[in-house]
Structure formats: C-alpha cells, structure tokens
Amino acid sequence: MTPPDKNTVVQVLRNLSLLLQLKGENAFKVRAYDTAADRLSGTPQDLATLVQEGRLQDLPGIGQGLAEKITELVTTGKLGFYEELKAEYPPGLMEMLQLPDVGPKKVIALWNELKVGSVAELELACRQGRVRELKGFGAKSEAKILEGIALHQRAQGKRKLLGDVLPTVEDLLTRLKAVPGVVRVSPAGSVRRRAETVGDVDLLASAPQAGPVLEALATSPGVAVVLGKGESKCSVRMVQEDLQVDLRVLPDEDFATALHHFTGSKAHHVRLRGLGQEKGLKISEWGVHRADGTKLPVPDEAALYRLLGMQYIPPELREDSGEIEAALEGHLPEDLVSMEDVLGVVHCHSTWSDGKHSLEEMARAAHAMGLQYLTVTEHSQTSVYAGGLKEDDLKRQWEEIDRVNEALPGFRLLKGIEVDILETGALDYSDHFLERLEVVIGSIHIRHSMNEDQMTRRLLNAMDRPGLNILGHPTGRLIHEREPYPVRMEEVLDKAAERGVVVEVNGKPARLDLKTEHVRQAVQRGVKLVVSADAHKKEDLHHLLFSVATARRGWARKGDILNTLPADRFVSTLKALRTT
DNA sequence: GCCGTTTTCGGCCCGACTGTTTTCAGTCG
C-alpha cells in the first residue's frame with residue numbers, strides 16, 4: 001500500500017469538517033478540522049516524516065486528537081472515524097453543501113424531510129415545488145437554489161486563475177476610485193494575497209457616503225446580476241468567469257482594520273487576534289479596542305502590526321506559515337523581491353517558434369515596461385509541434401537579434417533557448433552548441449507519463465549537463481488541466497544547489513511552477529531563481545507579475561532572483577554558478 | 001477539537017444580509 005499523500009489527508013480533514021457540520025457538531029470543533037487542513041497543506045515539512053517522528057503536534061492547531069487521526073490515516077491508509085461518519089449520510093450531501101445559500105442546516109432538513117440526498121434530487125424537488133413546503137423555505141429560496149445549481153454546474157466548483165481575474169478587478173478598482181468622495185480602494189482576500197486561484201473577489205472602499213460607491217459597482221459594465229445590495233455591502237456576479245465580487249464601503253478611519261480583516265488569510269488573522277488579546281487589545285474588522293472600549297487609531301496596516309510589536313507582514317505572506325513568528329522576532333525579510341527589482345524578462349518566445357510577435361515587437365514591449373533585457377528562448381528541434389528550431393535556424397536568429405539590439409539602444413535581447421529535456425535527461429542539442437548561447441533553459445515538454453523514479457532521474461541527469469543554466473517549469477503542472485508529473489522535488493532542489501543550476505518560477509497563470517511551497521524549499525537551500533513570463537505574445541510579458549507574486553509568497557528576496565541583475569551580470573552569473 | 005504566565009475548563013468573532021418570519025434562523029465572510 002502506498003500511504004496517502006498530503007493532499008489526500010488534507011482532503012479527508014476537509015470532508016470531516018463538512019460531515020461534522022451535517023452532524024450539527026460544535027462549530028469550533030468543525031473549525032479545528034479546517035484549521036488542521038490549512039496547517040498541513042501550508043507546512044513545507046514532509047508529512048510522512050512528521051508522522052514517523054511523532055512531530056505532528058509541533059504544528060499549532062494540531063493536538064492529540066487530530067495527530068492520532070492523521071497518524072492512523074497515514075500509517076493504515078484508512079481512518080475509522082471518517083469511514084463511520086461517511087456511512088451515515090449519502091455522499092451527495094457533501095456536494096449540496098457547495099451550493100450557495102445552502103448550508104448544513106438546510107441540507108439536513110432536505111434530507112430528513114424530503115429524502116433529498118444529491119444535487120440532482122434537489123433540483124427535481126425544487127422543480128416539483130416540494131421544497132417550498134418545508135418550514136424555513138419558501139418560493140424564493142426554491143428559485144435561489146435552482147439558480148445556485150445552474151451556477152454550480154457551470155463552474156464545476158473550480159476556482160479561477162488569479163491571472164484570469166486580475167484584469168477585471170483592476171477595471172473595477174479604477175471605476176470605484178473615480179466615484180466622488182472615495183478616499184481609498186483596495187482588493188482584499190485571496191486576490192490581494194496573490195493566491196494562485198481565487199474563489200470570489202473582495203473589494204473594500206472608504207468614503208463618507210457608501211451609496212454612490214455601491215451603486216457604481218452595481219452599474220459597472222460586465223456585471224451580469226446584482227446579487228444583493230444593502231447600506232454598506234453590494235455583491236454582484238460578473239459576466240466573465242461567473243466571477244462574484246463583494247464590495248464593502250466604510251468610513252476611512254475603519255479602512256485599515258477592515259482591509260486587514262478581509263485580506264486574511266483566516267488563519268493569519270485568527271493568530272493576530274490572539275496576540276492582540278494577550279496585549280489587552282480586541283482586534284476586529286471595526287478597529288482595535290482596549291478592554292475599556294477605547295478605540296485606538298489605526299491609519300494603516302503597518303500601524304496595526306506596530307501595535308502588536310511586530311514587523312509589517314506583506315499580504316502575500318499572510319498564511320500563518322511561520323511569518324508571524326518571524327515578524328515577532330524581527331526576522332522577516334524586508335527585501336522580498338518586487339516588480340521594481342526585476343530588470344529583465346526571462347523565457348520568451350517569438351514568431352521564430354510558436355510566439356505571436358516578432359523579436360523586435362517583443363523587445364519594444366519589454367522596453368516600454370521599463371525592462372532592460374529579454375531572454376529569447378524558443379523551442380528546440382524536438383518540439384516540432386511548437387516550431388522548434390534546429391541549430392542552423394538559431395544561428396540565423398542570432399543575426400536578427402544583433403540587428404534588433406543595434407536598433408534599440410538601452411535594451412538587449414539575450415541569445416538563448418528553451419531546450420527540451422529528452423527521456424533520458426539528455427538535452428536536445430550538443431553541449432558544444434549550448435555553450436555558445438547566453439541563456440539555456442531546459443524544460444520537459446514530452447513524455448509526461450513517466451513514474452516518479454524515472455522522472456526524478458531524468459531531471460537529475462539533465463542538471464548534470466554543463467550546458468544547462470535554468471531548469472524550466474520543473475513540475476509541468478497546468479492548474480485545472482494537468483497534474484504535475486511525479487517527481488521528488490527535494491532531490492531536484494538539492495541537485496540544483498549542488499550544481500549551481502538556477503530554477504524557474506514560471507509566471508504563466510496556469511503554471512506558476514515552481515509553486516509557492518517549492519519556492520520556499522528552494523530559497524531555504526540557497527538555490528537561485530529566475531522570475532519568468534513564459535511569454536508567447538507581448539501581452540504575456542505581464543505574467544512577470546504572477547511570477548514575482550509566487551516568489552514573494554515563497555519568501556524569495558531580491559538577492560535570490562537572478563534577473564534582478566543587469567544583463568551582463570545576469571549572464572556572467574548564470575555561467576559562473578555552474579559547477580562542473 | 002485546540003489551547004493554557006487568568007492552565008485541565010471554558011472560551012474559541014460576530015455583524016450584514018436575505019428570506020421567512022411577526023422577532024428570527026440560516027448562511028456567508
């Protein structure tokens with residue numbers, strides 16, 4: 001038996017939380033399971049090791065009870081408590097809980113009274129008008145449930161990619177900022193934390209009068225339906241992506257504490273409330289109060305952290321994965337990489353392979369973003385489907401690169417390649433040829449379905465090849481589309497550290513590969529990284545934003561990111577790092 | 001179920017909104 005991996009365990013804990021809700025258990029007990037799931041998925045530590053060494057309880061939020069359950073699950077592959085609970089209810093109830101406006105109480109009522117045990121049965125019962133007969137339900141809730149079912153089926157429960165959502169959010173923010181009287185506007189929630197996927201969007205604004213701001217959202221172009229509108233809140237669903245957007249408007253003096261509250265994460269916020277309590281401070285979305293009820297002024301979030309005697313924690317780090325302890329001790333890095341630090345964009349394609357824009361167009365677009373260089377890294381000859389280049393094609397491309405560089409002073413295209421890592425770990429060109437290039441990214445594009453041993457060996461072998469500078473999108477995942485291929489990332493990162501291979505943090509919204517946890521592991525090993533766009537057209541150059549966000553979430557500092565160096569030093573450092 | 005310099009019991013966030021109510025329950029964030 002292969003022991004269940006961390007994701008499976010996390011999922012079981014989340015399911016248990018749902019089942020306990022159905023059972024009508026104490027809400028705090030329910031929350032404890034969710035907290036434990038958060039904690040487990042957030043820790044960079046290996047689950048099997050934690051279990052083996054009996055150190056599960058080192059994670060705050062996991063006590064004796066949960067440690068025993070997790071241990072049982074990991075060591076035996078089954079958890080009796082979970083199996084028993086699951087058997088009490090039809091499996092369809094869990095899916096019903098996912099519907100908007102349908103919670104545990106309603107699900108249980110539907111099951112007990114109508115024997116409705118799945119989303120499909122619920123839809124039928126609504127259409128037959130049986131739901132409105134139940135106490136606490138009416139015609140409106142019946143209609144609302146039907147709407148919710150339709151939405152649920154469209155969205156299939158998928159969270160949206162940050163990259164798909166952010167442009168819509170930016171548009172809305174611009175619109176809200178323009179409303180007369182508005183003082184401050186900000187996204188909150190997972191968008192502000194730059195999580196890789198987003199459920200729905202939280203926006204916050206401060207203004208003396210909420211009405212006009214709420215109205216501005218309700219009447220924004222792209223709004224499909226206004227879900228609700230009160231005196232201080234408004235919820236809408238956008239046409240694009242079925243995205244739900246919630247806006248709250250409040251007086252400016254409450255903005256910072258509300259922003260902090262709604263930015264989360266929940267786990268981070270709960271910890272801070274606890275710290276506040278120790279200092280006799282009650283922290284809520286409405287402000288910071290002393291025990292005697294005095295309200296303390298909190299002009300911005302930095303002031304909030306100062307009140308707690310700790311460093312300011314940027315939103316991207318607020319996951320309760322060690323940032324609170326570090327900030328209390330003053331050890332939180334203050335030079336996390338930012339967009340301003342990045343001088344060149346790595347990993348770009350042009351019309352020479354499968355890109356949409358010419359070298360010159362890509363160069364000018366990057367220059368206009370304030371960047372100093374761009375690495376031209378087309379596909380190599382094996383990637384025929386992507387217009388992969390032969391050695392002779394590349395030599396001709398170098399002539400064009402020289403011409404563009406001459407025509408565009410103050411900017412440099414660097415001569416590179418995204419070379420395929422073949423099945424054995426061999427590269428798609430000779431070592432001799434690769435050495436003539438300034439930047440060599442090695443990536444896997446074919447044969448994804450190898451087992452973990454084979455895939456790990458393949459990557460390790462590739463890193464032994466002297467011509468390789470950068471390991472590209474190391475796990476090959478595509479969010480919602482393709483699982484990462486199985487690979488022992490610790491071994492790969494150890495090898496990168498040993499061999500001086502730089503690792504890519506690919507910024508394409510569906511990739512984000514390395515992902516946050518792996519970035520953190522890389523940084524801990526001293527592995528150098530590049531932030532990249534994986535751009536196939538000019539517009540994709542902005543993917544750098546998502547790469548930088550992922551790097552920040554993984555605690556990467558400016559010094560960890562190689563393309564914060566000017567072009568010459570970027571290239572010379574790439575080469576100098578390599579050990580033979 | 002977790003946690004503890006108020007430590008093994010008792011607290012753990014609670015307000016806004018909606019719909020079904022006629023004073024409140026359920027859901028959400």
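In this text, all values refer to a predicted model and were calculated from it rather than measured experimentally. Any value given below was found using the heavy atoms of this structure, including those in side chains, with hydrogens, waters and symmetry copies removed. Chain letters run A, B, ... following the sequence lines, proteins first, then strands; residues in each count from 1.
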- Message: Using a heavy-atom cut-off of 4.0 Å across all strands, would you classify A/Leu250 as base, sugar-phosphate, or nothing?
- Response: nothing
- Item | Touch class at under 4.0 angstrom, heavy-atom based, for A/Gln64 against every strand present | sugar-phosphate
- Query: Are the side chain of A/Gln244 and the backbone N or O of A/Asp200 linked by a donor-acceptor pair below 3.5 Å?
  - Reply: no
- Atom NZ of A/Lys29 to atom P of B/dC9: distance rounded to whole Å? 18 Å
- Message: Taking the C1' atom in each of B/dC13 and B/dG29, what is the distance between them to the nearest angstrom?
- Response: 11 Å
- A/Lys23 NZ - B/dG1 P separation (whole Å): 12 Å
- Between B/dT22 and B/dC28, how far is it from one C1' atom to the other, in whole Å? 24 Å
- Under 4.0 angstrom, heavy atoms only, what part of the nucleic acid is A/Asp202 near: base, sugar-phosphate, or nothing? sugar-phosphate
- Query: In whole angstrom, what separates A/Ile283's CD1 from B/dC12's P?
  - Reply: 14 Å
- Message: Testing the 3.5 Å rule here: is there a donor-acceptor pair between the side chains of A/Gln311 and A/Glu334?
- Response: yes
- Pick base, sugar-phosphate or nothing for A/Glu231, based on heavy-atom distances below 4.0 Å to the nucleic acid. sugar-phosphate
- Take atom C1' in B/dT6 and the same atom in B/dC12, then report the distance between them in whole Å. 16 Å
- Task: Quote, to the nearest angstrom, the P distance that separates B/dG26 from B/dT20.
- Result: 14 Å
- Query: Between B/dC14 and B/dC9, how far is it from one P atom to the other, in whole Å?
  - Reply: 24 Å
- Task: Provide, to the nearest angstrom, the distance between the CD atom belonging to A/Gln244 and the P atom belonging to B/dC28.
- Result: 10 Å
- Message: For A/Arg39, is there an ion pair with A/Asp320 - N to carboxylate O distance below 4.0 angstrom?
- Response: yes
- Query: Using purine N1 to pyrimidine N3 plus N6-O4 or O6-N4 for Watson-Crick, or N1-O2 and O6-N3 for G-U wobble, each under 3.5 Å, what pairs with B/dT8?
  - Reply: none
- B/dT27 OP1/OP2 closer than 4.0 Å to side-chain N/O of A/Lys144: no
- Query: Could you give the NZ-to-P distance, from A/Lys135 to B/dG19, as a whole number of Å?
  - Reply: 18 Å
- When rounded to whole Å, the CD1 to P distance for the pair A/Ile145 and B/dG26 reads 14 Å
- Have A/Thr8 and A/Asp5 got a donor and an acceptor in their side chains that come within less than 3.5 Å? yes
- If you check every side-chain atom of A/Phe81, which of B/dG29, B/dG1, B/dG19 has the closest atom? B/dG1
- Item | Out of B/dA16, B/dC3, B/dG1, whichever nucleotide has its closest atom nearest the side chain of A/Pro60 | B/dC3
- Note on the structure: Ranking B/dC28, B/dT20, B/dG26 by distance to the side chain of A/Lys106, first place goes to B/dG26
- Task: Tell me yes or no: between the side chains of A/Ser321 and A/Glu319, is some donor less than 3.5 Å from an acceptor?
- Result: no
- Would you mind telling me which residue lines up with the more 5' stretch of DNA chain B, A/Lys229 or A/Lys105, judged by nearest nucleotide? A/Lys229
- Reckon A/Arg132 has a side-chain N or O less than 4.0 Å from the OP1 or OP2 of B/dT20? no
- Task: Among B/dG1, B/dC13, B/dG15, find the nucleotide with the atom closest to the side chain of A/Lys69.
- Result: B/dG1
- Message: Give me the distance, rounded to whole Å, that separates B/dG15 from B/dG10 when you measure between the C1' atoms they each carry.
- Response: 24 Å
- A/Ser232 side chain near B/dC17 phosphate (N/O to OP1/OP2, under 4.0 Å): yes
- Do any side-chain nitrogens or oxygens of A/Ser141 fall under 4.0 Å of OP1 or OP2 in B/dT20? yes
- Consider only side-chain N and O atoms of A/Gln11 and A/Asn7, and report whether a donor and an acceptor are under 3.5 Å apart. no
- Note on the structure: In this structure, SG of A/Cys234 is separated from CG of A/Asp246 (nearest 0.5 Å) by 8.5 Å
- Item | A/Arg248 charged N/C atom sitting above A/Phe262 aromatic ring, 6.0 Å / 45° | yes
- Heavy-atom nearest nucleotide on DNA chain B taken for A/Leu97 and for A/Ala139; more 5' hit belongs to A/Ala139
- Query: Given atom CD of A/Gln21 and atom P of B/dT27, what is their separation to the nearest angstrom?
  - Reply: 9 Å
- Message: What I want to find out is whether A/Asp101 reaches A/Lys144 closely enough, with some N-O distance under 4.0 Å, to be called a salt bridge.
- Response: yes
- Positions of residues 266-282 of chain A (non-hydrogen atom under 4.0 Å from DNA chain B), listed by number: A/Arg273
- To the nearest angstrom, the CZ-P distance between A/Arg248 and B/dC28 comes to 14 Å
- Message: I want to verify a distance call: between B/dG29, B/dC13, B/dA16, whose nearest atom is closest to the A/Phe28 side chain?
- Response: B/dC13
